[in-house]
4 protein chains.
Amino acid sequence: MKKREREILERAKKLFSEKGFHSLTVSDIVDSLGIARGTFYLYFKNKDDIYRRVLEELVKEISSRLKLLPLENPLGQLRENVREVLNLFVEDRELARLILYHPYRLNPEFDAVLETFFEEVKGLVESALLTGMEMGIVRECNVNVVSAAVLGAFLEVGRELLEGKIPSVEVAVDELLELSLKGLLEG
Amino acid sequence: MKKREREILERAKKLFSEKGFHSLTVSDIVDSLGIARGTFYLYFKNKDDIYRRVLEELVKEISSRLKLLPLENPLGQLRENVREVLNLFVEDRELARLILYHPYRLNPEFDAVLETFFEEVKGLVESALLTGMEMGIVRECNVNVVSAAVLGAFLEVGRELLEGKIPSVEVAVDELLELSLKGLLEG
Amino acid sequence: MKKREREILERAKKLFSEKGFHSLTVSDIVDSLGIARGTFYLYFKNKDDIYRRVLEELVKEISSRLKLLPLENPLGQLRENVREVLNLFVEDRELARLILYHPYRLNPEFDAVLETFFEEVKGLVESALLTGMEMGIVRECNVNVVSAAVLGAFLEVGRELLEGKIPSVEVAVDELLELSLKGLLEG
Amino acid sequence: MKKREREILERAKKLFSEKGFHSLTVSDIVDSLGIARGTFYLYFKNKDDIYRRVLEELVKEISSRLKLLPLENPLGQLRENVREVLNLFVEDRELARLILYHPYRLNPEFDAVLETFFEEVKGLVESALLTGMEMGIVRECNVNVVSAAVLGAFLEVGRELLEGKIPSVEVAVDELLELSLKGLLEG
DNA sequence: GATGAATGAGACTTCATTCAT
DNA sequence: AATGAATGAAGTCTCATTCAT
């Protein structure tokens, strides 16, 4: 990727994160960089294109943090990944805002990027579950539903973390795992 | 509310649900009803106004289904409410789509409507948890985090249900509750 | 004129005077009276119609104050009329504002009403001048130009009076007459 | 100022002068120039903005013609300025129409432009009067009132000149000055 | 006489995108 | 590679006026 392209992409990420897709205009981006309107279109087909590419980079960044940990410890894998990504959210709030407050249904392509990513995550959870079942440490369950639930729980907790309603990543990780593993019942 | 106002609101709900906030124009709404543009503005200040009102009605409708069940059975309350709302989502897919795929950050007012509603729901979960703890049937936990996680799990499962990835409400309810109550661990 | 018609006309005078022609809507008028929109159109053809009628009433009211005083004292007549109308302006500020800050060229009819009226006034000044000349107390001059100048001086002084930049009608009358009769030169 | 900006401004001046503020639309302006709607908004914030700028240019043009003539001849200064501006009115009828038939109270900003200008003119007259008094060639008078009256006389005579009711600038100047200096009385 | 819901023409404005330089 | 003036489709909203009741 050209230096200029990268420069525009980074600025767009920052600005989309601040203003959201719709409020941000192409002019905002180029003005912010002090370049010409036309320059933008040398590197990006249109506004949707750059937003999609921002999203793609973000999900790629998150994906790269997700680890397939040793098979003998599938639930440890879950915990590690949860911690890793929540930490990423806290370190890169722009990324977090874009992922967690994505405005659905502006453009099917956008939704597809996140959808694909979330499917990947759910797949990861599912294989952890299946492995766990084989090992006899995870009870029988509908892995589809459970992986969706785990992802949803994770995303909502991520939002609360972003908004400062949860004091620390550690608390969030612990509670998410306690809940997922042992549930709420006493004993 | 006037008959005409109701008529416009219902149509808007349907159309917003189909096309999303941005793709839908005021002209789409009035053309769909065969009325004049100006008529729309007799009843609604502008496009944001009607969208906000649609959201408000929806969250009111959901709220009215949420029951505060007998105190002696706080977790039964949780199950009843989960079932109730998931059923509502299946019966009224327009409502479900609008709530579950809300495009964040178009307008702070819109987000506030949902935010307020979700806070209400989390409050409900929290009091169920606290009551359960007092009764000794729920383990100690951070109710803030856990209620967020439960809500998130619920919303994501709702999405999968809406998309037909989960076969029935009963499966969804059962898995959500099993997960929340007993977690994933065997035994 | 019907009572209702009068009522609308008076309110319109007040409101046009406050907000000007363009900023005032027909809704403003009917809302202010608590009557229905349709009622307005029972008595007035349209918005232009009522504005024109307001103007017509005003110029008629001013005209009725203009006196053709005894021929032997044409310049006394001028003074009396100046005083009379400036007093009217001070007493009825709505009338004054409408006449003195008329927005030209919205509608030729509106301009015609004032134009006709101003022509009448200039005619009055002209005949005073001509009589004065015949009597040998007024110097030869181009009565067209002079009557326009006198009217213009009067109107501008009226505006200053309305805005409180001139302390009293008496001062205004005295200065206008001194200027018109004796000019500015010493001796 | 850019060439295109100037082009739009000049055309707007012409069109506002012909049709008045209200009847003229932004579309009229751009259609008349054969340019796109959006182009207008590259150079002007909105319709009010361009009208204000037209007015500002006009008063600046007139101001630049107003001279502070030698102190020893304050009344000569008055005459020169009157002649100068009336000539300008005759040469540039668009300018004259816009200044002399300004539609008051559409927008306070518009009125402020003219108000400021007229205050400047009155200030000029006032200082001529004060100088004249010091020199003993002007009688004692209320300079506020008199300067307003002189301005008003001038403006109304300007209108008559514009409408062809006064045959020439010279006649207008002579009568205005005769009236201002010597008044109407014989001898 | 009175109502007021409904109309719809018409104005304003934004902004993603193009293209000649 | 870069520019930025120009485009024009698309949208929002207002308000004078009508007409069935």
Side-chain angles (χ1 to χ4, degrees), chain A residues 2-5 8 21-31 33-51, chain B residues 2-5 7-8 21-31 33-50, chain C residues 2-5 8 21-31 33-51, chain D residues 2-5 7-8 21-31 33-50:
Chain A
K2 304 268 178 51
K3 181 164 148 288
R4 179 53 61 94
E5 189 173 355
I8 298 173
F21 179 79
H22 248 99
S23 309
L24 187 67
T25 68
V26 172
S27 299
D28 289 337
I29 301 173
V30 299
D31 290 353
L33 287 167
I35 64 175
R37 260 132 182 263
T39 305
F40 175 90
Y41 287 93
L42 292 178
Y43 298 98
F44 301 94
K45 227 171 48 214
N46 50 40
K47 186 182 164 186
D48 283 17
D49 185 39
I50 194 172
Y51 187 77
Chain B
K2 301 263 181 56
K3 182 166 146 288
R4 181 52 62 95
E5 189 174 354
E7 185 185 17
I8 298 173
F21 179 79
H22 228 94
S23 312
L24 187 66
T25 69
V26 172
S27 298
D28 289 338
I29 301 173
V30 299
D31 290 352
L33 287 167
I35 63 175
R37 234 131 216 262
T39 304
F40 175 90
Y41 288 95
L42 288 180
Y43 298 98
F44 303 95
K45 246 189 8 238
N46 51 41
K47 185 181 160 187
D48 282 20
D49 186 38
I50 195 171
Chain C
K2 303 268 176 53
K3 182 163 149 288
R4 180 53 62 95
E5 188 174 356
I8 298 173
F21 179 78
H22 247 99
S23 310
L24 186 67
T25 68
V26 172
S27 298
D28 289 337
I29 301 173
V30 299
D31 290 352
L33 287 167
I35 63 176
R37 260 132 183 263
T39 305
F40 175 91
Y41 288 92
L42 292 178
Y43 298 98
F44 302 94
K45 229 170 47 212
N46 51 41
K47 187 182 164 186
D48 283 18
D49 184 40
I50 195 172
Y51 187 76
Chain D
K2 302 262 179 57
K3 182 166 147 287
R4 182 49 64 96
E5 189 174 355
E7 185 185 17
I8 298 173
F21 178 80
H22 229 94
S23 313
L24 188 67
T25 69
V26 171
S27 299
D28 289 338
I29 300 174
V30 299
D31 290 352
L33 287 167
I35 63 176
R37 237 130 210 275
T39 305
F40 175 90
Y41 289 95
L42 289 179
Y43 298 99
F44 303 95
K45 247 193 1 244
N46 50 41
K47 186 180 159 188
D48 281 20
D49 186 38
I50 195 172

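In this text the structure is predicted, and so the values were computed from the model without any measurement. Any value given below was found using the heavy atoms of this structure, including those in side chains, with hydrogens, waters and symmetry copies removed.
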Lys3(D) NZ to dG4(F) C1', straight-line distance once rounded to whole Å: 15 Å
Asp49(B) CG to dC13(F) C1', straight-line distance once rounded to whole Å: 13 Å
Establish, yes or no, whether the cationic atom of Lys47(B) lies under 6.0 Å from the six-membered ring centre of Phe21(B) and within 45° of the ring axis. yes
How are the rings of His22(C) and His22(D) set relative to one another: parallel (under 30°), tilted (30 to 60°) or perpendicular (over 60°)? parallel
Tyr51(C) has an atom OH; how far is it from atom C1' of dA16(F), in whole Å? 17 Å
Ile8(C) CD1 - dA2(E) C1' separation (whole Å): 11 Å
Hey, can you pull the residues of residues 37-46 of chain B with a non-hydrogen atom under 4.0 angstrom from DNA chain F? Arg37(B), Gly38(B), Tyr41(B), Asn46(B)
dG1(E) and dT21(F): how far apart are their P atoms, nearest whole angstrom? 22 Å
Closest nucleotide among dA6(E), dG11(F), dA1(F) to the Lys2(A) side chain: dA1(F)
Would you kindly give the CD1-to-P distance between Ile50(B) and dC13(F), to the nearest whole Å? 12 Å
Nucleotide-level pairing of DNA chain F, given in dot-bracket where Watson-Crick and G-U pairs need both distances under 3.5 Å and | marks other strands: .||||||||||||||||||||
With respect to the side chain of Val26(A), which nucleotide from dT17(E), dA16(F), dA6(E) is positioned closest? dT17(E)
Measure the distance from CG on Leu33(B) to P on dA5(E) and round it to the nearest whole Å. 17 Å
Rounded distance in Å - CG (Asp28(B)) to P (dG11(F)): 7 Å
Is any side-chain heavy atom of Phe44(D) less than 4.5 Å from a side-chain heavy atom of Val26(D)? no
What is the distance, rounded to the nearest whole Å, between atom NZ of Lys47(A) and atom C1' of dC15(E)? 8 Å
Which nucleotide wins on minimum distance to the side chain of Ala36(B), given the candidates dA16(E), dT7(E), dG4(F)? dT7(E)
